[in-house]
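Step one of this worksheet: look at the structure below.
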Protein chains: 4
Amino acid sequence: MAAHDGAILDAALRLLATAGYGGMTIDAVAAEAGVSKATVYLRWPTKADLATAALAHVRETGGTRVTGDLRRDLAAILGAMRRNIRRLSATGIIGMCLAEERAAPELLALFRERSIAPRRAELRALLDAARDRGELRDGADLDTAVDLLMGAHHARYMAGGPFPRGWEERVVSGVLDGLLPTA
Amino acid sequence: MAAHDGAILDAALRLLATAGYGGMTIDAVAAEAGVSKATVYLRWPTKADLATAALAHVRETGGTRVTGDLRRDLAAILGAMRRNIRRLSATGIIGMCLAEERAAPELLALFRERSIAPRRAELRALLDAARDRGELRDGADLDTAVDLLMGAHHARYMAGGPFPRGWEERVVSGVLDGLLPTA
Amino acid sequence: MAAHDGAILDAALRLLATAGYGGMTIDAVAAEAGVSKATVYLRWPTKADLATAALAHVRETGGTRVTGDLRRDLAAILGAMRRNIRRLSATGIIGMCLAEERAAPELLALFRERSIAPRRAELRALLDAARDRGELRDGADLDTAVDLLMGAHHARYMAGGPFPRGWEERVVSGVLDGLLPTA
Amino acid sequence: MAAHDGAILDAALRLLATAGYGGMTIDAVAAEAGVSKATVYLRWPTKADLATAALAHVRETGGTRVTGDLRRDLAAILGAMRRNIRRLSATGIIGMCLAEERAAPELLALFRERSIAPRRAELRALLDAARDRGELRDGADLDTAVDLLMGAHHARYMAGGPFPRGWEERVVSGVLDGLLPTA
DNA sequence: GATGAATGAGACTTCATTCAT
DNA sequence: TATGAATGAAGTCTCATTCAT
């Protein structure tokens, strides 16, 4: 209704990502959104509600087109994921969800539902299709493959160095080809 | 020096893991360690210093023995990692480091140095040895392989479901064997 | 004029009685009356004005008929008083008037004028008539008698126990008969 | 322990009496007691606790000596009661207890226990003794007599006029002698 | 070295009141 | 007339930090 909603949620999300839950003060949100604190409380009754709403407000961009080329499609998803994480400062958001898991499990649950699950489903669908086309080895462990694809970004970020050139393709190759000699 | 140091750091780490940085109040640390707040300040001048010291105080357990069997050795490391994460509530600690990265980058830096880097080095050494023994495909991308191995736990945890039986072995297989048919 | 007036005043009085002056928020009044806050402000410019108006709006019920039987007539008034107090949660209203006496003396003044004074006058008229009929002792202190009759309810309420069976009659007897032996 | 306790409770009680529960802000209490707000919270965890403690801290003065002269002894108690009420601004306190009865019944309960009950017991003991000495009419209703004695002050205060000269004695006479002619 | 007591700054939240529609 | 939206001021409470003993 009022146009302030979006500004408030954006500000909240930004603060959540950069300053954590503790750093997301209502004062700061209100100031950044250009409204008074009471205006924030008019919409969300508590700080926790605001945080949850901000998380639910995340809109990820860049749906990828499926081409049927497994390597290319998987890499496209990884690329979109990486860009979204950077754009939204999502490492901070993820950290906040994990850090608050004990105190506010709904944050992590929401993040799972909104961000993790859809991406996993996308990856899984690509792999299923490839298997149906006979492109994958018999008995390939697709569940684990999704874990490997999804975890690679976190591992790289946690390692601390830069993402190498062609990171997406290298991850996809790692998962598709494996380390062992063929035959 | 005094015997209180350990109790304080333990308490701080426990709170860091379960309540996040914001939830680790000096009051709570002092109470859990059985000392007065002033005693805490006698040792660490600020809350941030205490948090950093607590993180530096982490001692991971369960060094694994190297057998020369690559599958087994990699799985052993993953298993130790998983047990340590659970024992220390490390997902909360990792989340805290990520959430505070902007405000306190030294936390993530310390975590990288103390926890991430050694584990990556261990994995990398195993892979290097295997390559030297000729067990790996020519041109195998070991950097990426380490990312895949390190990220799998996070991806599984973020997915929300349980860890499957034989999780370590499945991850190792995924990384070694790949998804493609062996020509 | 508008039909909302009554609803607002009723809601205000109810809240005044049950939640005190502090608990009578304009938000609550408006919600309970089914109007918006601004509608309330359209009629009464401040919260204090609304409270005063609500108090002035009280209508006590159950005028008693005078029979000429002093005992019965006094008891009837006490009974009506007791029922009104219960119906209107008047102990809360009285408390509020006393609690706010320093801050808003007009509340207590209004309560005196609207509720206390008429009741005292009724009692006094009955006693005067009885005296004129020669039913009372010469030199009987009717001022004090009215105080005793009026105060009995408060004393019983403050004592905390239940009102005994036949309370009205017992109070009247106490005031008429006294404690000393006759003759 | 710390000498501030008394100052804080005194300030709280003063504000409770003059400004009501809502007007007793922690800010005001702290300022009047000459300490910081946090110091208040160090002792009483919530405002309600402070209010209760302040009420429990009331010390009434002027125990009366029993002479065996019923009229004089009753009047002495009424006089002490009246002086205490004035000294402590107790009408405000009573009002606050009544106004908050729904929200905080413990306040009224405490007031009953500390102030009402002892006074009633004193009066009752005097009356019982007089009865045992044969000074009272057979079957005199002493419960009701205590109500009359206790309520007289409230009734007079609520009436709004001044307390007449010899008020105590007039009340006692009213209760002892009654209004009816001595046959 | 240890502590109990104290506090300033700042957090979340409420509420009386105003105003454009 | 009626209202939804907005807000400044104020209130309760927390916490990192200091200091006298």
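Here is the naming used below: chain letters follow the sequence lines, and residue numbers restart at 1 for every chain.
- Distance, C/D5 CG to F/dT1 P: 11 Å, rounded to whole Å.
- Looking only at distances, no side-chain donor or acceptor of C/T39 sits under 3.5 Å from a matching main-chain atom of C/V35.
- Listed for the B/K37 side chain is no donor-acceptor partner under 3.5 Å among the backbone atoms of B/A31.
- Taking atom CD1 of residue C/I26 and atom P of nucleotide F/dA5, one finds them 19 Å apart after rounding to whole Å.
- The closest side-chain heavy-atom distance from C/L50 to C/I8 is below 4.5 Å.
- Taking atom CE of residue B/M24 and atom P of nucleotide F/dC15, one finds them 12 Å apart after rounding to whole Å.
- C/R112 places no side-chain N or O within 3.5 Å of a backbone atom of C/A117 that could act as its donor or acceptor partner.
- Between the side chain of C/R114 and the backbone N or O of C/A56 there is at least one donor-acceptor pair closer than 3.5 Å.
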Go through the steps for C/I94 and D/H154 under the test side-chain contact (heavy atoms from CB on, under 4.5 Å), then give the verdict. CA-CA 11 Å; C/I94 293 166; D/H154 176 76; 4.2 Å; yes
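- Contact of the A/R14 side chain with the A/L88 side chain is not registered, since no non-hydrogen atoms from C-beta on lie closer than 4.5 Å.
- Counting to the nearest Å, the P atom of E/dC15 and the CG atom of C/L50 are 15 Å from each other.
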Protein-nucleotides 7-10 of chain F N/O pairs under 3.5 Å:
from  : atom 1 : to    : atom 2 : distance (Å)
F/dT7 : OP2    : A/S36 : N      : 3.0
F/dT7 : OP2    : A/S36 : OG     : 3.3
F/dT7 : OP2    : A/T39 : OG1    : 2.4

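- For the pair B/S89 (side chain) and B/G92 (backbone), a donor-acceptor distance under 3.5 Å is absent.
- Atom NZ of C/K47 is separated from atom P of E/dT14 by 15 Å (rounded to the nearest Å).
- Checked by atom type, the side-chain pair C/T46/C/D49 shows a donor-acceptor distance below 3.5 Å.
- Contact annotation: B/R43 side-chain N/O to E/dG1 OP1/OP2 distance is not under 4.0 Å.
- Of the candidate nucleotides E/dC12, E/dT17, F/dT12, E/dT17 has the atom lying nearest to any side-chain atom of C/Y41.
- Of the residues in residues 6-17 of chain B, not one places a heavy atom less than 4.0 Å from an atom of DNA chain F.
- Between C/Y157 and C/I85, the closest side-chain pair of non-hydrogen atoms is not below 4.5 Å.
- DNA chain E forms stems at E:2-21 with F:2-21, each a run of 3 or more consecutive Watson-Crick or G-U wobble pairs whose two key distances fall under 3.5 Å.
- Taking for each of C/D27 and A/A48 the nucleotide of DNA chain E with the nearest heavy atom, the 5'-most of the two is the partner of A/A48.
- Taking the side chain as every heavy atom from C-beta outward, D/L55 and D/C97 approach each other to under 4.5 Å.
- Between the CH2 atom of B/W44 and the P atom of F/dT18 there is a distance of 16 Å, given to the nearest Å.
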